[in-house]
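Accompanying notes for the structure given below.
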Number of protein chains: 2
Amino acid sequence: MDKVTIKDIAREAGVSITTVSRVLNNKEEGMSNETREKVLRVIEKVNYQPNQLARSLVTKRSKMLGLIVPNISNPFFPELCRGAEDEANDHNYSLIICNSDDQLHKEENYLRLLKEQQVDGILLSSKDQLSETNKMQLRESKIPFIIFDRGEEGNQHSGVFLDNEKGGYLAGQHLIALGHTQIACITGPKNIHNSQKRLSGFQLALKEAALGLPEEFILTGDFKMDTAYQLAKEFLKNNRVTAIFACNDLMACGVYQAAHELGIRIPEQLSIIGFDDIPLITALIPKLTTIRQNTYEMGRKAIELLIHQIEHESSERVVFEPTLIVRESTKQINKVGGVDI
Amino acid sequence: MDKVTIKDIAREAGVSITTVSRVLNNKEEGMSNETREKVLRVIEKVNYQPNQLARSLVTKRSKMLGLIVPNISNPFFPELCRGAEDEANDHNYSLIICNSDDQLHKEENYLRLLKEQQVDGILLSSKDQLSETNKMQLRESKIPFIIFDRGEEGNQHSGVFLDNEKGGYLAGQHLIALGHTQIACITGPKNIHNSQKRLSGFQLALKEAALGLPEEFILTGDFKMDTAYQLAKEFLKNNRVTAIFACNDLMACGVYQAAHELGIRIPEQLSIIGFDDIPLITALIPKLTTIRQNTYEMGRKAIELLIHQIEHESSERVVFEPTLIVRESTKQINKVGGVDI
DNA sequence: ATGAAAGCGCTAACAG
DNA sequence: CTGTTAGCGCTTTCAT
């Protein structure tokens, strides 16, 4: 028994395929309820499911969206996926999730593949700016796309972004309010815009408090735990600070490790603040104070924008505000118990 | 300027669309190199990309696969996704990743959606057995599917599984080898087959060492961190054990929290062993000893099986072996330093 | 209120 | 070696 098609339904119900198509698409106008019921019954009976591919071919709408993330193993992104997926489903779209593994050629490859698959739109999230070629190709192919959280300074393209500078600022403020003056920062890669913004916001807060951030207290990481661990270990061996701002939570984990091995107690001897508020972070002991971005909601919003762009040709930029989540890894410095620093 | 189609290429190159189709599909036989080159040049020039939807409609092969995971936020699953995706791409398939959020109706919904989208096959992973309705529907629709890591005792369906019993056994053996005799276990939900297997393997190891696992030392969790935390806290307050086996890493995290709050030191006073070896687990202090499953490879294998089933109609069951990863959270009991237990 | 027919972009016999 | 033709399963004018 082969796949049942609209023809089979039509024959079985004794109507034309046009009629079946009409009830499939809920075309209200003119059609006896009787006919409709009849068709519906047959559809029900044989458990008929229309072939979306065939539909798409004629409507030129595949009802599929693409999402490209740079690294699904970073717990930040599954949250984004969940948000994106839920929103897509709510609008009756399916989502093809692609993991570019931070490799440009993979990203390019997916872009091509998604286009071939005729997705109606693409949500692009990657560590940094789009390569020029990709950007051009994307525009040229006229397929709607939305940028997610990548530094696109001065760029007009619609998307959802986080106010990274504000986030860095909040982190700085928090540390200052706790009385810290000797502070270091582990950043992401230098060429990544988001990372730079977090740093500059942080620096701004310090400056406002008349504090400096010496060049040698700025460690350039890569958003990965292991590198941060190495960096922090080396640094903490040779320098005395009372607080560290890690530009993402993964790197904060690395700092935990380093501090642990050096016998430095958190938060008594060292306050740590992270960035992102990834889910598993609550497993850390002590619990990490961090700058939270509402990734799930950002994912939803991004897809909302994308669908809006698809259906109404208009687009937008929206910027989310990060929030400070105070937990246990930061501490008032005056209250340090018996440890001189 | 509208989307360029095979017709445009044909016109531009001065050949028939059949010829274009032939070069698109690398049909070697008979065709002057000259013609081929000419067509290729035109394709290149206008950056033509064939419409996969139209192709699928005639070939009845969409080159799309579906993957349904129960909870993308559990770090276990992104690894699976990565493996599955890489394997799929290697075979020129795309993957639609769906997150069922542990909700049956979502799973059903995705199943329908994937079928409508005409995926060539489905990789199904969820916490537990397929609902009977889903299973029936799946078989009825004759769409190839592969089961991933769900307890399917006595089931003949092809898929990729982990020898959970062996895993539990390894955990038990390890603890015993370290001299532990007072041991507790936090399991997953009672009705989940995998979870039961881990427990029974664990019990087997204890029994072989002539040790018992009293009923009240078996805590029934739900694979989530928070529940495990509550359970462990309550339990550790009232009972003295030197080791705990948590049936997944997330729950092990919960135990860490509980121990920390109770002032119990790991591993000096309490050894902990987990299950899964999820990526972020190395951020824990001390590093968690655990039973590892190679999720990435399992994901690859599962898709390999699926594609094989699609292309050769034959299927298979493969069982992976878990391995013990000794880190820092378990310790020889005799060497306990000055703490009486 | 319903149906016939054209056609979406492509592949696959079948001809030549 | 290349082109003609007939669909794939569906939606959409345009008739009736």
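By convention in this document, chain letters (A, B, ...) are assigned in the order of the sequence lines, proteins followed by strands, and residues within each chain are numbered from 1.
Note: CG (B:N25) to P (C:dA12) measures 7 Å, nearest angstrom. In this entry the distance linking CD1 of B:I6 with P of C:dG9 reads 11 Å, nearest Å. As a whole-Å value, the separation of A:R22 CZ from C:dG3 P is 9 Å. Atom CD1 in B:I9 sits about 9 Å away from atom P in C:dC10, given to the nearest Å. Distance CD (B:E34) to P (D:dC1): 12 Å, rounded to an integer number of Å. Distance B:L53 CG to D:dG7 P: 22 Å, rounded to the nearest Å. A:N26 places its CG atom 13 Å from the P atom of D:dT12, with the value rounded to the nearest Å. Here D:dT13 presents its P atom at 9 Å from NZ of A:K27, a figure rounded to the nearest Å.
Comparing atom distances between the A:V58 side chain and each of C:dG3, C:dG7, C:dT11 picks out C:dG7 as nearest. Proximity note for A:S32 (side chain, C-beta onward) versus D:dT12, C:dA1, C:dT11: the nearest is C:dA1. Ranking C:dC10, C:dG9, D:dC10 by closeness to the A:L57 side chain, first place goes to C:dG9. Comparing atom distances between the B:T59 side chain and each of C:dT11, C:dA1, C:dG9 picks out C:dT11 as nearest. Of the candidate nucleotides D:dG3, C:dG3, D:dC8, D:dG3 has the atom lying nearest to any side-chain atom of B:T19.
Across all non-hydrogen atoms, the minimal contact from B:I68 to B:E107 is CD1-O, 4.2 Å. Closest non-hydrogen pair, A:A84 versus A:L95, comes out as CB-CD1, 3.9 Å.
An OP1 or OP2 oxygen of C:dA1 is reached within less than 4.0 angstrom by no side-chain nitrogen or oxygen of A:T35. Look at A:S21 and you won't find any side-chain N or O under 4.0 angstrom from OP1 or OP2 of D:dC10. For the OP1/OP2 pair of C:dG9 and a distance below 4.0 Å, the side-chain nitrogens and oxygens of A:K60 include at least one atom meeting the criterion. A sub-4.0 Å separation between OP1 or OP2 of D:dC8 and a side-chain N or O of A:K3 is absent. Between B:Y48 and C:dC10 there is a side-chain polar atom (N or O) within less than 4.0 angstrom of OP1 or OP2. OP1 and OP2 of C:dC8 both lie 4.0 Å or more from every side-chain N or O belonging to B:N51.
For A:T18 against C:dA4, a side-chain-to-base donor-acceptor contact under 3.5 Å is present.
As judged by a 4.0 angstrom heavy-atom cut-off over every strand, B:S56 is placed among residues making no nucleic acid contact. At a threshold of 4.0 angstrom between heavy atoms, the contacts of B:T5 are confined to the sugar-phosphate backbone, with no base atom among them.
Positionally, the nearest nucleotide of DNA chain D for B:I17 lies more toward the 5' end than for the other of B:A54 and B:I17.
Between B:Q293 and B:D276, the side chains place a donor N or O and an acceptor N or O closer than 3.5 Å (distance only, hydrogens not considered). In the model, B:D86 has a side-chain atom that pairs as donor or acceptor with a side-chain atom of B:Y296 under 3.5 Å.
Using the six-membered ring where Trp is involved, A:F148 and A:F76 have ring planes that are tilted, between 30° and 60° apart.
B:R300 and B:D90 are joined by a salt bridge, as a carboxylate oxygen and a charged side-chain nitrogen come within less than 4.0 angstrom of each other.
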